[in-house]
Amino acid sequence: RVQLIESGGESVQAGGSLRLSCAASRFTYVKYNMAWFRQVPGKTREGVAALDSDGSDNYADSARGRFTITQDRADHSLYLQMNNLKPDDTAMYYCAATEATNDLAPSLDHYFYSDWGQGTQVSVSS
């Protein structure tokens, strides 16, 4: 099974930037989606940004224009560059992956993903 380990979360002030990383191992998918999700206690896990093995990406409205998802195809590491952070971005951020079985846009629906990391905490203060 794919193993995902996130890092890079920390406490920052509003307007600041962070880069989250996700190290992937035992990655056997040829056609896949990978994504970043976030969750605050009591709320549903929210898709932030996703990409697929064809190079397409997809962003939540809350992330578009501020966040950028990228991948190192050599080792399937996943990154999320977050700029102009806001207090509403405070959450546990999770990396996810799944084998893709269609050519639809990379999904931001958490039900679609089979492999998850343990999360990294991002806290943004005003």
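In this text, all values refer to a predicted model and were calculated from it rather than measured experimentally.
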Phe37 reachable from Leu80 in the ILVMFWY side-chain graph, under 4.5 Å edges: no

Within-4.5 Å side-chain heavy-atom neighbours: Leu18 and Glu10: yes

Enclosure of Gln121 CD (heavy-atom neighbours >12, cutoff 6.0 Å): yes

If you measure only the distance, is there a donor-acceptor pair under 3.5 Å linking the side chains of Ser25 and Gln3? yes

Do any pairs count as a disulfide (SG to SG under 2.5 Å) and have a residue in residues 10-96, sequence neighbours left out, and if so which ones? Cys22-Cys95

Validate the cation-pi geometry between Arg19 and Tyr79: distance from NZ or CZ to the six-membered ring centre under 6.0 Å, angle to the ring axis within 45°. yes

Can you check whether Ser62 reaches Glu46 side chain to side chain, under 4.5 Å on heavy atoms? yes

Given Met82 and Leu20, is the side-chain contact (heavy atoms from CB on, under 4.5 Å) satisfied, shown in steps? CA-CA 8 Å; Met82 304 188 294; Leu20 304 184; 3.8 Å; yes

Given Asp54 and Ser56, is the side-chain hydrogen bond (donor to acceptor under 3.5 Å, both in side chains) satisfied, shown in steps? CA-CA 6 Å; Asp54 294 331; Ser56 298; 6.0 Å; no

Of all the heavy-atom pairs spanning Asp52 and Arg73, show the shortest one and how long it is. O-NH2, 3.7 Å

So CE of Met34 and CG of Leu78: to nearest 0.5 Å the spacing works out to 4.5 Å

For the CG atom of Leu51 and the OG1 atom of Thr68, what is their distance to the nearest 0.5 Å? 11.5 Å

Within-4.5 Å side-chain heavy-atom neighbours: Glu99 and Thr28: no

Within the structure provided, determine whether Val122 and Arg38 are in side-chain contact (heavy-atom separation under 4.5 Å). no

Which label fits Phe27 and Tyr32: parallel for a plane angle under 30°, tilted from 30 to 60°, or perpendicular past 60°? perpendicular

Between Tyr59 and Val48, is any pair of side-chain heavy atoms under 4.5 Å apart? no

Pro87 versus Ser125, closest heavy-atom pair with distance: CG-C, 4.5 Å

Closest non-hydrogen atoms of Ala91 and Gln39, given as atom of the first, atom of the second and distance, are CB-O, 3.6 Å

Please enumerate all residues that pass side-chain hydrogen bond (donor to acceptor under 3.5 Å, both in side chains) together with Asp61, with sequence neighbours excluded. Arg64

Any donor and acceptor pair, going by atom type alone, linking the side chain of Ser123 with main-chain N or O of Thr90 inside 3.5 Å? no

How long is the straight-line distance from CD1 of Ile5 back to OG1 of Thr120, given to the nearest 0.5 Å? 12.0 Å

Treating Ile, Leu, Val, Met, Phe, Trp and Tyr as nodes and any side-chain heavy-atom pair under 4.5 angstrom as an edge, say whether Leu108 and Tyr93 lie in one connected cluster. no

Do any side-chain atoms of residues 112-119 form donor-acceptor pairs under 3.5 angstrom with protein atoms, and if so which ones, sequence neighbours left out?
from	atom 1	to	atom 2	distance (Å)
Tyr113	OH	Ser107	O	2.6
Ser114	OG	Thr98	OG1	3.3
Asp115	OD1	Arg1	NE	3.4
Asp115	OD2	Tyr29	OH	2.6
Trp116	NE1	Tyr113	O	3.3

Verdict with reasoning, Thr101 to Lys31, per side-chain contact (heavy atoms from CB on, under 4.5 Å): CA-CA 8 Å; Thr101 58; Lys31 190 174 175 69; over 6 Å; no

Any side-chain heavy-atom pair of Gln81 and Ser17 under 4.5 Å: yes

Decide yes or no for Gln71 and His76: does some side-chain heavy atom of the first lie under 4.5 Å from some side-chain heavy atom of the second? yes

About how many Å separate CG of Asn33 and CG of Asp109, when rounded to the nearest 0.5 Å? 11.0 Å

Counting only N and O atoms by type, is there a donor-acceptor contact under 3.5 Å from the side chain of Arg45 to the main-chain atoms of His110? no

Answer whether the closest heavy-atom distance between the side chains of Leu4 and Tyr94 falls below 4.5 Å. no

Between Trp36 and Met92, is there a shared hydrophobic cluster once you connect ILVMFWY residues whose side-chain heavy atoms come closer than 4.5 Å? no

